[in-house]
Structures are given as C-alpha cells and as structure tokens.
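Notes follow once the structure below has been shown.
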Number of protein chains: 2
Amino acid sequence: MQIMPRDGSQARTRLRAAALELYRERGYDETTTAQIATRAGVTERTYFRHFADKREVLFDGEAELRAILVNAVATAPDRLAPLPVMVRAFTAVVPLLIANRSVAQQRAEVIAVTPALQERAYAKTAALIDALTDALTARGITRPTARLTAQVGMAAFERANRAWADTPAHDLTTLIAQAADEVLTLGGT
Amino acid sequence: MQIMPRDGSQARTRLRAAALELYRERGYDETTTAQIATRAGVTERTYFRHFADKREVLFDGEAELRAILVNAVATAPDRLAPLPVMVRAFTAVVPLLIANRSVAQQRAEVIAVTPALQERAYAKTAALIDALTDALTARGITRPTARLTAQVGMAAFERANRAWADTPAHDLTTLIAQAADEVLTLGGT
DNA sequence: GCCTGTAGTGACAGTTACTGACACTACCAG
DNA sequence: CTGGTAGTGTCAGTAACTGTCACTACAGGC
C-alpha cells in the first residue's frame with residue numbers, strides 16, 4: 001500500500017473533491033463510497049472516519065457559516081429589531097458566499113437533482129436556524145419569537161440568494177435587505 | 001406461512017402501527033425493518049413495497065395535509081393578501097390536527113430524539129412549502145414571492161403549533177393568526 | 001362453476017452503506 | 001531514543017434496500 005501523509009486534513013480535502021467530481025460525473029446514486037475513497041487515495045474506512053455518511057461530504061462548510069452568523073447576531077447593536085438583526089447576520093456572510101461561488105454552484109447542481117442530498121440540505125438549514133435562534137435568545141428575545149425570527153430571516157435570505165443566482169449582476173447585500181422588506185408587505189393593507 | 005388478507009391497506013396500517021410502537025419501545029436505531037414487518041405479520045420485502053424506506057412509515061399523512069392546504073389556497077377569495085391566504089390555509093387544517101392529536105404527539109416524541117427522522121420531517125415540510133408555492137403561483141403571485149410567502153407562512157404555523165403543544169387550552173386557529181401578525185412586527189418601528 | 005387478469009405477497013439472492021476491533025505507521029515532545 | 005497520539009489499512013459483520021420469480025387471493029366475464 002502507498003505511504004500516505006499523516007495530515008488528515010489533506011485526505012479530507014481530497015475526499016471532498018473526489019466526491020463532488022464523482023457525484024457530478026455519474027450521479028449520487030451511481031457513486032459508491034468505495035469509489036470516492038479510491039479516487040481520493042484512501043480506503044472506504046478512512047472516508048467514514050472523516051465524514052459521517054455518504055451525504056455529509058458535500059456539506060462541510062456549514063460550521064464556518066454558522067460561526068459567522070452567530071457572531072454577527074451576538075455583536076449586533078442593542079435595540080436593533082429582530083429582523084434587522086437577521087439582515088445584518090446574513091450580510092456578514094456575503095463575502096464567504098462570493099468567494100465560494102463557483103464550487104457552491106457545482107454543489108447546488110448536484111443537490112438539485114438528488115433528493116437524498118436535498119434532504120440533508122434542509123437539515124443543515126434547520127441547524128443554522130437553531131443556532132440563530134440560540135443567538136437571538138441570548139439577546140433577550142423570547143425563544144418562540146427568536147425561532148420565528150430565525151425562520152423568517154432564513155426565508156428572506158434564501159429568496160435573496162435565488163434572485164442572486166438568476167441575476168448575478170445585482171448586489172447580494174441589497175437583495176437581502178429587499179427580501180426582508182418584502183416580508184413585511186405580505187400581510188397586505 | 002400464514003394466509004394474509006389481500007387488501008394491501010390493512011398491511012399498510014399494521015406496518016404503521018408496528019413501526020410507531022417499536023420506535024417508541026426501543027428507539028429508531030435499535031429497530032430493524034425486519035422487526036417492524038414481523039410485528040405487522042408480513043415480510044420485510046412487503047414493508048418496502050409499502051414504504052420507500054425505514055423513515056417513510058412515520059410520515060404517511062403528508063399527502064392528505066398537502067391536499068387540504070392546496071385546496072384552501074386555491075379557493076381563497078381573490079384580492080386576499082398573500083399572508084392572510086396562508087393563515088386561511090393552515091386554519092383549514094386545524095380539524096385534522098385536532099383529530100390526530102394523540103398519535104401526532106407520539107410521533108413527535110420519537111422524531112424529537114431521532115436525527116434521521118428529523119431530517120425526513122424537514123423534507124416533508126419542504127414538500128409542503130413547494131406545494132403551497134405552486135398554489136400561490138396559480139393565484140397570480142410571482143414565484144419568488146410565492147415561495148417567500150409559503151416559507152413565512154409555514155414558519156408562523158410552526159410557531160403556533162409549538163405554542164399549542166405547550167398550552168393546549170388555547171385555540172390553534174387563534175394562535176395561527178397571532179403568529180402571522182407577529183411576523184409583521186419583527187421589522188421594528 | 002371455470003377462466004383470466006391483477007394486485008398483493010413470500011422467498012431468496014445480491015449490493016452497498018456503515019460500524020467495531022485491531023494492528024500499524026508517521027510524527028511530535030521530551 | 002522513547003513514549004504518546006493521530007491517522008490509516010485490514011477484516012469481519014450488520015442491516016437497509018433492490019431485483020426477480022413464483023404463488024395466492026379476489027374480481028369480472030363467460
């Protein structure tokens with residue numbers, strides 16, 4: 001067997017790249033974890049030491065995203081209303097999204113055609129909402145309201161993100177603020 | 001082997017009951033699909049003819065829920081603003097929720113302690129949001145706004161549902177309307 | 001009463017995601 | 001040079017899920 005560098009992060013990186021490639025080339029269902037491992041130059045067992053399951057390999061960035069969001073909420077000015085706090089948080093994440101845009105695009109294409117991956121994506125979004133709920137609660141907002149705020153904020157963010165994907169010329173920061181405003185118009189009158 | 005009635009819906013019903021029992025008795029992870037099938041008096045293969053996977057057996061009611069929601073949106077008065085349409089839709093589903101309350105409670109307990117089931121629950125919620133988005137689009141609302149509305153409406157509904165679980169004395173219909181109102185206050189000023 | 005089609009099922013073999021246990025190797029601290 | 005630690009390979013095993021085929025209950029026409 002080949003001698004492999006002991007730095008685990010390298011194997012992890014290669015596994016991520018190999019999985020994305022294979023999922024794009026032959027589809028998620030037609031790819032086995034053994035194939036991913038082989039392409040990355042490790043064994044299947046090593047794959048499962050780095051990622052909990054076959055899906056998780058595509059969702060490695062979530063922790064970083066969550067950290068930025070939570071920090072932005074925590075450092076928001078006091079007295080700022082709940083939804084503006086959300087706008088602030090999602091705005092803080094814009095640079096990361098811009099930096100990762102091309103890989104994110106490839107990921108999104110695979111997820112869009114794979115129900116199993118969509119399911120995981122929903123769970124990751126829910127985890128972000130949980131984290132945002134906690135962060136809002138720490139600001140003194142009651143938990144039910146905090147949860148509602150986090151969900152509504154996430155909905156606005158997704159709306160902005162989709163608009164951004166359609167018309168990349170627009171500024172994502174502006175789109176986020178507009179989506180938040182739009183929420184407040186849905187009640188009519 | 002025993003002679004089994006040919007009416008598939010009976011096996012399906014027994015499988016649902018057996019799965020809920022076993023998941024509650026020993027936990028989801030410690031339950032095998034073979035055990036569910038045995039308790040329901042069928043083979044494992046028959047289980048997978050009725051349900052796509054080990055999780056789906058707990059989420060059989062979604063189609064009915066979706067039908068009611070979509071119908072309520074379709075038959076809502078013209079000129080009603082988007083969010084009030086959502087309130088109307090979720091209000092229409094209240095009787096079903098009241099009727100199923102005890103089973104729903106047991107289901108919720110199992111789901112609450114099982115990440116794999118939570119993931120599926122998120123996916124089911126997302127499917128409802130998709131259906132609501134389509135229904136709103138049919139009313140002439142643009143798709144991005146329809147999607148935002150469906151997500152915000154679902155967030156309000158969940159907020160009402162949680163409040164209802166905590167204080168069952170309150171009227172769910174009222175709680176839904178209040179949650180929708182609360183959304184409009186999140187912007188401040 | 002018999003024939004025929006259809007839907008539901010049992011039996012069985014096979015693939016693959018995932019796990020536990022153990023041994024080995026690169027590297028780091030002293 | 002030594003001992004500890006983290007990452008890995010190997011192997012065996014479990015359980016979710018699938019394909020295929022044969023069989024059985026039942027409904028309808030004749």
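Here the structure is a predicted model, which is why all the values come from computation and not from measurement.
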| query | Hey, does B:Ile141 have a side-chain heavy atom less than 4.5 Å from the side chain of B:Val85? | reply | no
| task | Return the minimal non-hydrogen interatomic distance between A:Phe51 and A:Arg12, and the atom names on each side. | result | CZ-CG, 3.7 Å
| message | Consider side-chain contact (heavy atoms from CB on, under 4.5 Å). Of B:Arg66, B:Glu56, B:Arg55, which one does B:Lys124 pass it with? | response | B:Glu56
| Of all the choices, C:dA11, D:dT8, D:dT18, which nucleotide is nearest to the side chain of A:Thr46 once you look at every atom? | D:dT8
| message | Could you tell me if the side chain of A:Leu22 sits less than 4.5 Å from the side chain of A:Glu25, heavy atoms only? | response | yes
| message | Distance check needed: D:dC26 P versus B:Gln10 CD, whole Å only. | response | 11 Å
| query | Would you say the side-chain atoms of B:Gln105 and B:Glu109 include a donor-acceptor pair closer than 3.5 Å? | reply | yes
| Atom CD of A:Gln35 to atom C1' of C:dA17: distance rounded to whole Å? | 13 Å
| Pick from A:Gln106, A:Arg26, A:Arg39, A:Arg16: which one makes a side-chain hydrogen bond (donor to acceptor under 3.5 Å, both in side chains) with A:Glu21? | A:Arg39
| message | Please find the pair of heavy atoms, one from A:Ile111 and one from A:Ala121, that lie closest to each other, and give the distance. | response | CG2-CB, 4.4 Å
| remark: Ranking C:dA11, D:dT18, C:dT19 by distance to the side chain of B:Phe48, first place goes to D:dT18
| Nucleotide D:dT18, atom P - distance to OH of B:Tyr47 in whole Å | 11 Å
| B:Lys54 NZ to D:dT18 P, straight-line distance once rounded to whole Å | 15 Å
| said: When you measure from the centre of the six-membered ring of A:Phe59, is the NZ or CZ of A:Arg107 closer than 6.0 Å and no more than 45° off the axis? | reply: yes
| request: Go through D:dC17, D:dC21, C:dA17 for me and flag the one nearest to the B:Arg49 side chain. | output: D:dC21
| Closest heavy-atom pair and its distance - B:Val152, A:Ala155 | CG2-CB, 4.4 Å
| Tell me, do A:Leu80 and A:Arg139 make a side-chain contact under 4.5 Å, heavy atoms counted? | yes
| said: Between the base of C:dG8 and the side chain of B:Arg12, is one N or O donor paired with an acceptor at under 3.5 angstrom? | reply: no
| request: Choose from C:dC18, D:dA16, D:dT10 the nucleotide whose nearest atom is closest to any side-chain atom of A:Glu44. | output: C:dC18
| Ring centers of B:Tyr122, A:Tyr122 separated by less than 6.0 Å | no
| message | Tell me which residues in residues 108-121 of chain B lie within less than 4.0 Å of DNA chain D, going by non-hydrogen atoms. | response | none
Below 3.5 Å between N/O atoms, which protein atoms pair up with nucleotides 11-13 of chain D? Just atom names and distances, please.
none

| message | Would you compute the distance between atom CG of A:Leu96 and atom CZ of A:Arg101 and round it to the nearest 0.5 angstrom? | response | 13.0 Å
| query | Taking atom C1' of D:dA15 as reference, at what distance in whole Å does atom CG of A:Asp53 sit? | reply | 15 Å
| Counting only non-hydrogen atoms, which of residues 27-34 of chain A are less than 4.0 Å from DNA chain C? | A:Thr31, A:Thr32, A:Thr33
| For A:His50 and D:dG7, is the shortest distance between a side-chain N/O and OP1 or OP2 below 4.0 Å? | no
| message | What is the separation between atom CD on B:Glu56 and atom C1' on D:dT18, rounded to the nearest whole Å? | response | 17 Å
